[in-house]
Amino acid sequence: MAWEGERLKALAKEKGTSLTRLAVLLNVSRQTVNDWIKGQVPKGSHLMSISKILDVPPSFFFPTQLSVNISVPLHRKRGVAKITEAMRREAEGLAKQYEKLFKWAPDPGLVPVLRIDHRDRKSAITMATTLRKLAGIETDKPMDYEHTFRLLASLGITTIFRYFPKDIKGYAFYCKIHKHRVVFVNNDTNLLDLIFPLLHETIHAIRDEEDSVLGDPDEEKFCDMVANLIQFPNAYVKLVYNTIKGRRKPIQINLLKNFSAENSHSMFGIIEQLKELTPSLDLKVGGANTNLKKQFQSIGDILFKDKDARRYVHILRTLSPLFIDIVARNISKVTTRKVGEWLGLESQLDAKQVIDELQKICSGVAS
Amino acid sequence: MNTLCDTSSILMLIRIAPDMFIDHRYECCTIRLVREEIFRTQKFKAKYPWRINFKEKIQCLPTNRVRNDDFDIYFDAVESLIEHGTINKKKGSEFDLSYVDKVIIACALANGYRITTGDEDLRTFARQEFGNDFKGWISPLGLINRWIRNNLIQWDDSLHDYLSDWARDDEHPQPHRQKIAFKELTGRRYPGS
């Protein structure tokens, strides 16, 4: 985020306010305005006055190298949440907290990009098969959360765990900060709800070379399709299908619940896939899925279990190796509080204790 | 004029004046985020175990008072300046403020509140960047002196014990002139640094 004085000159012209007039309104000299245009950052009080006179937010003059795209996968959204302006703003606010960190981080360098001309099922299957191999998962098993995070890391995606502000009614969102692919994960997300949105955001991340595709409904559908196929391989879907076929609905629901519990996935996800085989499938699993979720923790519960700093760092290193490496390299540049903010420790752990653990990693990085 | 209290100042003062947010004569207020920080932060559980007894006493400004139109612009300005890397002219290093600090500054500026805090970065930033709009800062000891002068609190051994805890808890040093004023008002030496 850098001050761009030229924006002041251009905006004043656009609004029909001469620079001399602007100087008078701000009660400063014309030279001061010139200095701002040349790059000197105004004091906060002047910045406020400029914003009010020219009717733009102060951040207008500090363009960011940040692009935030939030998507709420259609069948996994929280309640009836839609992407609102407040949600976008909060997500951008969250992402902005990391701008400096990623500015200091080494360039991402060579990263895989998914290029597909036809967003059809055949392409989606090909893509899903490749990505499952990359995650190192067995052929016929649904993806679990550990494999999912491994996939993200292998694609050069940095995962950041935070408790989302309440306006962000989503499980995860993707953004790009200083060319780094970043996926934010809401710590409150139940493990059953987590895998699909994570995979969905992963597809966004590796399809990110053209901004125009982000937010496109067809693209959202394609990301959903690939994410579902990654999570549920064909062999598994067929196994479930053959098991429930011809049974009464309550039995079908019970069997689905057992499959879901055993393989740590939501019932909604597998039903989406079963519908590819039997479009008429009509099972109401809301209640059963809610009960099932009670057996699973949130990702935040896993991260902060026992409130133990060493354990936390160990788990974070497993789930998000890229993030922990970047943070460990930069802890000496900021205060304890800022490190706590980056890690989203909030009330969960003492940042000082976590920093001590990170410093051990840091010495490892140095050696 | 109301004084907006941050987390550290509340933890220093609430045992000395439990009604500081209830009795308007104390002229103190705080925000929901600060209250949440006090009761949720892990390290406070061990350092200030008594804080739980004051849960009902820490009453906050309603959200619509905090987040008015001016608040949004001030917050955006504060955040932009911090993220840009504004230099603390006293120290020569970049300011580093937490999200809650930024909200406190924006709220104080938007509502014309004075701030009480032990955090030097927070008050230096407000004064350096918003000199004309910033209504100033008062130290926690300065507030105590004011309350004694206004007969809101009667200084005794138990209150002095709480003050002694500031040194033990490694709280921020208090201004010299407030230490002198404290001695004049109570006849006792300020026990901390």
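Lettering follows sequence order; numbering is per chain, from 1.
By the 4.0 Å N-to-carboxylate-O rule, A:D356 lies close enough to A:K352 to be salt-bridged with it. Checked for salt-bridge contact, B:R67 and B:D72 miss the test: no charged N lies under 4.0 Å from a carboxylate O. The pair A:E99-A:K96 does not meet the salt-bridge criterion, since no charged nitrogen lies less than 4.0 angstrom from a carboxylate oxygen. Salt-bridge check for B:E94 with A:K333: failed, with every basic side-chain N at 4.0 Å or more from each acidic carboxylate O.
Only the backbone of B:I82 comes within less than 4.5 Å of a heavy atom of chain A; no side-chain atom from C-beta onward does. Interface residue A:L349: only backbone heavy atoms are found under 4.5 Å from chain B. Both the backbone and the side chain of B:D96 come within less than 4.5 Å of a heavy atom of chain A. Residue contact with chain B, scored on non-hydrogen atoms closer than 4.5 Å, involves the backbone of A:Q348 exclusively. At a 4.5 Å heavy-atom cutoff, the contact between B:Y74 and chain A is made by backbone and side-chain atoms alike. Interface remark: B:F39 contributes no atoms to any contact with chain A (heavy atom separation under 4.5 Å).
Your options are B:A46, B:A126, B:A77, and the one with the most heavy-atom pairs under 4.5 Å with chain A is B:A77. Of the listed residues (B:K45, B:Q128, B:E37), the greatest number of heavy-atom pairs within a distance under 4.5 Å of chain A belongs to B:Q128.
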Carefully, step by step, assess B:W155 and B:F182 under the rule ring-ring contact (aromatic ring centres under 6.0 Å, His included). CA-CA 10 Å; B:W155 204 253; B:F182 178 76; 5.2 Å; yes
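B:E129 contributes a side-chain N or O that, together with a main-chain N or O of A:G44, makes up a donor-acceptor pair within less than 3.5 Å.
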